[in-house]
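Read through the structure below, which is laid out as structure tokens, and then see the notes.
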Amino acid sequence: TELSKIRNFSIIAHIDHGKSTLADRLIQRTGGLTEREMQQQVLDNMDIERERGITIKAQTVRLEWKGCTLNLMDTPGHVDFAYEVSRSLAACEGALLVVDAAQGVEAQTLANVYQSIEHDHEIVPVINKIDLPAADTDKVKAEIEDIIGLDASNAVLTSAKSGIGIEEVLDAIVDRIPPPTGDRDAPLKAMLVDSWYDPYLGVVILVRVMEGTLKKGQQIKFMQAGTTHLVDRVGCFRPKLTQLEELGAGEIGFITAQIKEVAQTAVGDTITDARKPADKALPGFKEVQSVVFCGLFPVDANDFEKLRDSIGKLRLNDASFTFEMETSAALGFGFRCGFLGLLHLEIIQERLTREYDLDLITTAPSVVYHIELTHGAGHVELHNPADMPEPNKVETIAEPWIKAVIYVPDEYLGPILKLCQDRRGIQQNLTYVAGRAQVTYELPLNEVVFDFYDRLKSITRGYASFDYEQIGYREGDLVKMNILVNNEPVDALSMIVHRSQAEARGRHMCERLKDLIPRHMFKVPIQAAIGGKVIARETIAALRKDVTAKCYGGDITRKRKLLEKQKEGKKRMREYGNVSIPQEAFIAALRMG
Ligand code: GDP
Ligand code: MG
């Protein structure tokens, strides 16, 4: 394809503003699928994604419009996947910014808009849902100009739902987004944008060719990984898979090369011709590392093999999580897994539960601590709070810190500063960009992994956006806090906390657990302790009567239902000594909200 006839773009939107619906319409209007084939929201192909409204794996569709080839690149929308977003954006020259005509600008994806600007994208504002009675396009245009600082005078007005303005969007893409540049005859340089495992094709790799040409039968080399492979398929999605002979500079498409695991295909790697390699890789490659770890254990010990199998299958398709076997005194055999962030953790946990039908216990998420032992006894990388050495064996303990950049409307600045301060943040900078505060904080990652993002969103009603990078390890006054239920320590609930926060955190945990653990026939004390010292305590009162007592003599089916429900509840419980703890309690107790 001639370069001047190519347009590569992505869609940026706050959740629910209509990104998927608009993408469907663009595919439909350009004839990619017939009405009958048009299943709802073809781009989000996993159930969980659809429910959460998050696109996890980037997917790309090739559209034909008035003699031009348009590549629509779908991007993940959450900070856990920030690097993947960045790679997808680097593969495009422009973006559609979709804003709900009734809701206006909501800055949850603002970080993406700024990233898009950083990648020198031409941004086309699209005001969607103009069919709604509450639509106010003038107000939304003003917001786009005031808050984001983009000219909105030529924004395209659409109703993705009723199919209004779709051709105007396609025309705007062709007219306003610049074509890519690149030389088809130069040595090959293609960016590995994404990869996933397909049961029929093996690993499918999404690429953006920057220079040169990628062909079927070519011997290619991954410049970071240093491996070579033979290309056996080249193609694109329309959205149906279509094979092509080659992909030239400026084009986006996929290849397969008889690769078995996505772990061999690092996002951001540069693909070159093994026989005629480029001398320099593309800029910006970053090794993706797990930053949050937790234990995953089957509720039923007999499910261990099934869990091993299921985790292995998920891993085939997601190289960004890691796992190794772990044993716990209380929970038996399971796995210690590493994730990009808490959302990533929740997605994997949910997929295991849903797609593989496993009942799981998740232990407290933790970052990796660096410990120096006393008397020069060595260095420990602690992934699991339960393995913390005795306090007298620890010389120093260091934790990872991040630099966080938060964009927030002025009126929410106060509560945000307080939140960061409460989380041991150190303010670095405060400036205003397009009528919006930009605050930079250094924060311990440990304080961010649990619920920082949720808190940020709820404090600002979704108007804040957040982005972070790791900045290394710093020593801290950190201690291990144990939680004792009925006088027995529950290792799955132990956590590393800063000494200054131990008491507040301990009290909070005890209060939460008091509500989360059902009553028993006896009193159940719940304690938080550091070493042998109890720092917080609650007691669950004893149960007085049988739950079925009030049905006595009454409707028998109602009574049976109640008993069944109890049994159902039992199944999801974990026994500690003679106390049952519902599995939800393990993660719920950690939310500090
Ligand atoms: P996404 O989260 O940005 O991908 O948003 P979706 O495309 O999933 O849309 C979110 C909701 O808004 C869905 O219920 C859509 O049916 C609805 N929606 C999308 N576009 C329009 C529109 O133009 N008008 C109206 N009234 N609803 C829309
Ligand atoms: Mg969507």
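Both counts, for ligands and for their atoms, begin at 1 and track the order of listing.
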Determine, considering heavy atoms only, which of Ile130, Asp131, Ile164 sits nearest to atom 24 (N) of ligand 1.
->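 Checking each option, the heavy atom nearest atom 24 (N) of ligand 1 is found in Asp131.
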Who gets closest to atom 5 (O) of ligand 1 by heavy atom: Gly18, Ala13, Ala102?
->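 Comparing heavy atoms across Gly18, Ala13, Ala102, the nearest one to atom 5 (O) of ligand 1 lies in Gly18.
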Residues [X], [Y]: salt bridge by 4.0 Å N-O rule:
X: Glu251; Y: Arg62; value: yes
X: Arg208; Y: Glu93; value: yes
X: Asp171; Y: Lys66; value: yes

Arg336: partners by salt bridge (Lys or Arg N to Asp or Glu O under 4.0 Å), with sequence neighbours left out |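 If we apply the salt bridge (Lys or Arg N to Asp or Glu O under 4.0 Å) test to Arg336, skipping adjacent residues, the hits are Glu326.
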In ligand 1, which numbered atoms sit nearer than 4.0 Å to a non-hydrogen atom of Asn128?
->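 Answer, ordered by atom number: 20 (N), 21 (C), 23 (O).
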What atoms of ligand 1 come closer than 4.0 angstrom to any heavy atom of Leu132?
->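 Contacts of ligand 1 toward Leu132, numbered from 1: 26 (N).
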For ligand 1, indicate whether the residue Lys129 contacts it via side chain, backbone, both or neither (heavy-atom separation under 4.0 Å).
->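 Looking at Lys129 and ligand 1, atoms from backbone and side chain both fall under 4.0 Å.
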Look only at interatomic distance and state if Ser159 has a nitrogen or oxygen under 3.5 Å from any nitrogen or oxygen of ligand 1.
->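 Yes.
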Is it the case that Thr440 and Gln427 place a side-chain donor and acceptor less than 3.5 Å from each other?
->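 On atom types as modelled, these side chains do not qualify, holding no pair under 3.5 Å.
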